[in-house]
Structures are given as structure tokens and as C-alpha cells.
K.L.:
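Before I ask anything, let me first share the structure, which is written out below as C-alpha cells.
Whatever order the structure lists ligands and atoms in, that order sets their numbers, starting from 1. In this chain, residues are counted from 1 in sequence order.
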Amino acid sequence: MAKTKTPAARAAELREEIGRHARLYYVEDRPELTDAAYDSLLRELISLEEAHPEIVTPDSPTQRVGGTPVGELPNVRHEIPLLSLENAYAPEELKAWADRVVNRLGRTPAFVCELKIDGLSVSLVYENGALVRAATRGDGTTGEDVTPNVRTIHAVPLDLKTSEKGKGGAAAGAAARGVPSKVKIPAVLEVRGEVYFPKKSFAALNAKREEAGEPLFANPRNAAAGSLRLLDARITASRRLSAFLYSIARWDGPDEPQRQSQSLFTLEELSFPVNPHRIVVSDLDGIFGFLDEWKTKRHDLPFETDGVVVKVDTLADQRRLGQTAKFPRWAIAYKYPPEEATTVVTDIVVQVGRTGVLTPVAEFTPVLLAGTVVKRATLHNHEDLARKDVRVGDTVAVEKGGDVIPKVTRVILEKRPKSARPYAMPARCPACDEKVVRQEGEVAVRCVNPACPAQLAERLRHFVSRRAMDVEGLGDERVEQLLEAGLLQDVASLYALTGDQLAPLERWGEKSAANVIAEIEESRGAGLARLLFGLGIRQVGEKTAKLLARRFLSMEALETAGEDALTSVSEIGPETARGILEWFAQGPNRSLLAKLRQAGVRMTESPAASGAGGSLSGGVYVLTGTLARRSRDEAMAAIESAGGKVSGSVSKKTTAVIAGEEPGSKLDKAKSLGVAVWTEDDLDRALGAPS
Ligand code: IVH
């Protein structure tokens, strides 16, 4: 049949088909085709378009995959700000909110309860039904333009269609719900929602990363944020993100929905993915019913939810309630409390860290906690263990807040078996059998054998980690593998590795061997600050390493510095100084430095690059408008203490203009000169604040 049609006609037919099946699969969750059959339609279209580039249309499903990567995500100003929500952590807080609503309105309104999707909020603008812009929330007023990335998300329609009457799905029930069965697509439509990582895709992504020795994402939310903000949309496309839309911010056209519940149906009508688990209730009992229903059921959903959002249904009531400085008064987010489970401790094992510290870990009968099976939890140190007095055989309560590592919160003493004995830390290192020591005034018990294999593994992991020497291709598993193969004796031996040694190893091959060798090669130039951090000297974290590098500029100068010189650096106290002196005094460490030097690892920091050590060093910044979180003086101080300069006027030499509320002409000047414009969030990131 394809042969009898013109390529353009066949392509149009394929687009229609693919679009329909994509909606069935991604939005309505009732696929009619197997993945293979869907892929074969897509492949036919790709090859047709490749052979006839003139027939490609911008809304073709093949155009979801973005083109060339951009250098930096451009900023987008939200004409209608994206507000965030007040949180309620307990039923009483939710009740207090509802009481306030009732008081203000003088009656109890209808409420809509929706699941709170744990992802990243986005705003999508459609003009005459075509997606023209997608932006992140940013600070609420300025976000980042992520249009190419969002285009790769199959659940997001590129061009809006209204489901036809009688064709089932959302439309069939629409008339019954009082929504016009054929919504007229508005000239301009801005919708908001959440981009998220389905649990399954997240697990698959992390499994792939683990195999490749890449750092893992801590949770689906981080993975979604990371994936959406990638500069290369082709990579975003390879990650199976999805989305749910939950509100209409702008509707330029007839029949604008007047209730939140109606907006959700209308969004469905317009072919948007909308979370089906929602309800309209008439009172607080209804709200609590929904909260109870989803408390545990949410763990069975294919995506993460961290709570429920309750909204006053009619827009008229919403308008009457208005908003405070930060939040709308007509909505609130109820967050579920961290989940607790009880289980039995089957063993207490000891792990040996990079600096030789022994950490006890409780292993327990696997138990389902917040949707995942947990088997172990760290007990931090032996004091913590002694305080909680966790014993093998004990029944304990374990808790998980968010997606972090579970922790043992308490022992259920009534269930303690008579035979349970207090746990004693081993006198010898479980990895090398050397005697462990506990230094005066220290909580930690350590193995001080510099040749301990467990410490070496941890030291290597730390040395190659992203913030140290940054050898990305060497993840935990690979480090382990190289140790087992006898290829590494200390961190310096990394520099003696050859491609011929790596390529034949299981799961390596020529290409990844060559990549890792190139990364190791590059790491030689990482500089003094990273090297010092990577060496894992006690008390020397990333920040101290930068301070030291900035002050001493070379390893030689640092090696010969006495306690006074060290403590003359502000923020370095006597304890840190002692840690540094001890490290340099040890023979094995001195010979390690000699080996690294021999291997050509750079042991200096150039004053300019370290600028000195500050994350904004060498840059010139201009402030305009009012920032939300700091005064002008505070912003200047923060920039200067990170090594940046603050200037009053914008020129081509300006590194970035940091724009707050109501920016002045400096912003226009920056734009006309092509100078980068930052939000306060960007500044935070550049300053290295945790985001
Ligand atoms: S409504 C002014 N509905 O939660 C109302 N937000 O904590 C704005 N979120 O920034 C949001 N699911 O990113 C709304 N069903 C839902 C939501 C939801 C997730 C996120 C959203 C918002 C954050 C507030």
C-alpha cells in the first residue's frame, strides 16, 4: 500500500497512526500495538523522511528528538509566575487550612484532591495548538527554556487535538461531565504540570549507568531534573521521561474552564496526559478519605508521589481567596509522613571506609518500606550503635524519609529475645585483620593499616570521584574489578594503567578502555585543589582543599608548611592542621606523592585559575533588580568571596548579569550584547550552594 501512495501522503498517514498510538500508549495507558509494531511504524516514517527531507513537518513525531546541543539554556520570563504551595505535614495543619478557607468564604466550597507528583514543574505554551515553548519553574518568575528537551517527551503533545465525539476515551464521558465534547483549541494556551521519571524507566536508567560505571541518580526526581536540563536534547530523548499536566494558566479563547475539575477534563480532551487519580469532594471528610486511600496505595503507582494537593475547585472562589506573598490561599500540599516499618536484625557487619573508619551496619530481614525493599541501614558509629543498643535478634523500627538511606530509629525492647547480647565492635579490622585503634577524643574506631585493602578500594573510589580527579568512567564496580584483577596497588598506579590491560576485562572492550585511559590522562592536570581533596587527607574536604591550594599554590609549599602557616589560613583550625601534618609525616604517603609526581600529576594551582579557589574567580558580574533571598550588599559579598568581581555596568567583558525582580536597563544591555543572564538560583548554583 505504501508503494501506491506518494511519500508525502504515506508520511502523513504514518504520522497520524503514530500520533494515535503514542496517545494510547503514553497518555491513555491502553496500548493497542506492541512496542515492536510501534517502532516499525516509526522506522518507516524515519526512512521515508530521510529519503524525502522536503516532506518533513515540524510536528512529525520524528522531530521529537532535538537537534544540536545548545551552549546554555536560555532564560524565560514567566508572565504569570509559577507559585509554589504551602505544605501541611499533619492532618491538623490541613484542617486549619480548610477552616481558614471556610472562614474567608463564609461557606464550605468544593475541593479537588489530586496526587502530588514528585517531579519538576514545567510550563508549556501552545499557540494555535502547537507547542511553542516549554520552560522550567526556575525561581517562579524566570525559568529555563527547555523546549527541545520537552519535545522529546512522548506524553507531551506537540500539536493539540481534541478527541472526537464517540471515539471513546476521555471524550465519551466528557459530555456527561458537562464539558463541551469538542473543545475549541484556544489561540494561546499555557498549561502547567510536572515532568517526572516513571519508576521503571528510572530503575532502567540507573542500571545502565551502573553498568557503565557512571554515578547513579539518588531518586527519580533528581533524574528528571537532570534529564530535563540537559543541553543536548538527544540525551533527554534517550531517557524515558513522562509528564502530567494539572493546571491552565492562560486560555485565550472561548469556553475557558471555570473550575479546576473542569480544567483537568479539558486538558484530557485536548490530548494532554492528566493524572486520573483525583476526586472532587464537598468537605474535610472527603479530603481525609482521599488521603487515607492513597497513603499506601501510592507505592503501587508507576511514578513517585509524595503527597496530595488539595485545591478549592471554582476559579471564582480561588480569586476571592487570593494569595499571600508566597502561596495561593486556595491550595495546599499535604505531605505524607516518612514511612516506618519494623523488622528483625539478622546481623551487624562492619564496613571499612576510606580513612579506615569502621562503620557498623545493621542487616535485617528484608522489609517493604515506602515502596522498596530495604535490607540494611547504617548505624553511623559505635556510639550511635551503643546509644540505640541495637543487638542481633532485636526487632527495630526503620524509617525512610524521601528516598534516602533508611535508618534505624529505635529498638522495640519488648520484643528483645533473652539471648540478645550487646554488640561489641571488633578489635581487628574485618578486611585486613590488623588491630583497630580508637584515638583519644574521637568517636570513631579505625583501622590504621595503610595497606588495608578495604581502605584502598574506598580511597580509589574517592580519588576518581567527580569532585576530586573526576575519572567518570571508573565507577565503584570497575574500581572493584581492577582491584580484583590486581591492577591497582594505590591511587598512583592508576597512571600506569594501559588500554591493553583494560580492554580484555569483562564488560570493557577497546572503546571504553580507550575512554577511561583518556580520562585518567586528563585527570593529571586537575590541579592542586582537586588532588588534595582526592587524596582523602583527614579533615580536608573540598572546601579546605581549595583554601589550601589557594594559599600555598604548590604541594611543595604545603608539605613544608608548619602548624602556624597552616592555621594562618582562615577557617583552618589546629585539628585540621594536625590532620595535614600527620598525613605528610607518614612514609607511605610521602612515597605516594613521589609516585604521583613521577606520573606527571600536576601539583600546583595557578593563582588565576584558583582565583583563588573561588567558584566565580576571574568573572565580572553585574547585579540588576531586587533579588529574593539577599540584599544587594549580601549578593556582592557572596560574589566577591567566591573570587568574582562586581561591576556597576554591563560590557562585553561581563561574565553574567544577575537579574532579580524588576530588572533595569542593564538586563536589556546584557541581552543586546549577548551576555549571559542569571537568576538568583543560577547564582546559588555557581556559588556551589546545594540546590
Ligand atoms: S498545583 C499554585 N498540583 O508541587 C498551584 N502542584 O509543592 C501550583 N506538584 O510547584 C501547583 N503535583 O511542582 C499542583 N497535582 C499537582 C501537583 C503539583 C505536583 C508540584 C508542583 C508545585 C509543587 C508545590
K.L.:
Within a distance under 4.0 Å of any heavy atom of E114, pick out the atoms of ligand 1 and give their elements.
P.N.:
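Ligand 1 atoms under the 4.0 Å threshold to E114: 3 (N), 15 (N), 16 (C).
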K.L.:
When you check the side-chain N and O atoms of T305 and D118, is any donor under 3.5 Å from an acceptor?
P.N.:
no
K.L.:
Pick one of side chain, backbone, both or neither for how L85 approaches ligand 1, counting any non-hydrogen atom pair under 4.0 Å.
P.N.:
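Within the 4.0 Å criterion, L85 contacts ligand 1 through backbone and side-chain atoms alike.
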K.L.:
Check K311 against ligand 1 and report side chain, backbone, both or neither, counting heavy atoms closer than 4.0 Å.
P.N.:
side chain
K.L.:
Purely on distance, is any nitrogen or oxygen of L83 under 3.5 Å from one on ligand 1?
P.N.:
no
K.L.:
Taking 4.0 angstrom as the limit, do D99 and K95 come out as a salt bridge?
P.N.:
yes
K.L.:
Distance to 0.1 Å, residue and atom name: give those for the protein heavy atom nearest to atom 10 (O) of ligand 1.
P.N.:
S121 OG, 3.9 Å
K.L.:
Using a strict 4.0 Å cut-off to heavy atoms of P328, name the atoms of ligand 1 that fall inside it.
P.N.:
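The list of qualifying atoms is 2 (C).
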K.L.:
Quick test of your reading of the model: are E144 and R133 salt-bridged, counting only N-O distances below 4.0 Å?
P.N.:
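No, this pair does not count.
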K.L.:
Check E114 with R278, please: is the shortest side-chain N to carboxylate O separation under 4.0 Å?
P.N.:
no
K.L.:
Pairs of nitrogen or oxygen atoms closer than 3.5 Å, one from S84 and one from ligand 1: do any exist?
P.N.:
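In fact, backbone or side chain, S84 has no N or O that close.
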K.L.:
Would a 4.5 Å heavy-atom cut-off, applied to side chains only, mark W678 and V657 as touching?
P.N.:
no
K.L.:
Are F290 and F288 close enough that their ring centres sit under 6.0 Å apart?
P.N.:
no
K.L.:
Could you identify the single nearest non-hydrogen protein atom to atom 4 (O) of ligand 1 and state the distance to 0.1 Å?
P.N.:
K116 NZ, 2.9 Å
K.L.:
Do S123 and E190 pair up side chain to side chain, a donor and an acceptor below 3.5 Å, judged on atom types alone?
P.N.:
yes
K.L.:
Looking at atom 13 (O) of ligand 1, what's its closest protein heavy atom, distance included?
P.N.:
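Going by distance alone, atom 13 (O) of ligand 1 is nearest to E194 OE1, 2.6 Å.
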K.L.:
Counting heavy atoms only, name the option from N87, I117, V274 that's nearest to atom 19 (C) of ligand 1.
P.N.:
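Checking each option, the heavy atom nearest atom 19 (C) of ligand 1 is found in I117.
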K.L.:
Test of understanding: given a 4.0 Å heavy-atom threshold, classify the contact between L115 and ligand 1 as side chain, backbone, both, or neither.
P.N.:
backbone
K.L.:
So that I know where these two stand, are F303 and F244 an aromatic pair - ring centroids less than 6.0 Å apart?
P.N.:
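Yes, they do, as the ring centres are separated by less than 6.0 Å.
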K.L.:
Can you confirm whether the side chains of D145 and T147 place a donor and an acceptor under 3.5 Å from each other?
P.N.:
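Side chains of D145 and T147: pair found under 3.5 Å.
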K.L.:
Looking at ligand 1, does any of its N/O atoms fall within less than 3.5 Å of an N/O of W330?
P.N.:
no
K.L.:
Among Y196, Y246, F244, which one puts a heavy atom closest to atom 18 (C) of ligand 1?
P.N.:
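Minimum heavy-atom distance to atom 18 (C) of ligand 1 goes to Y246.
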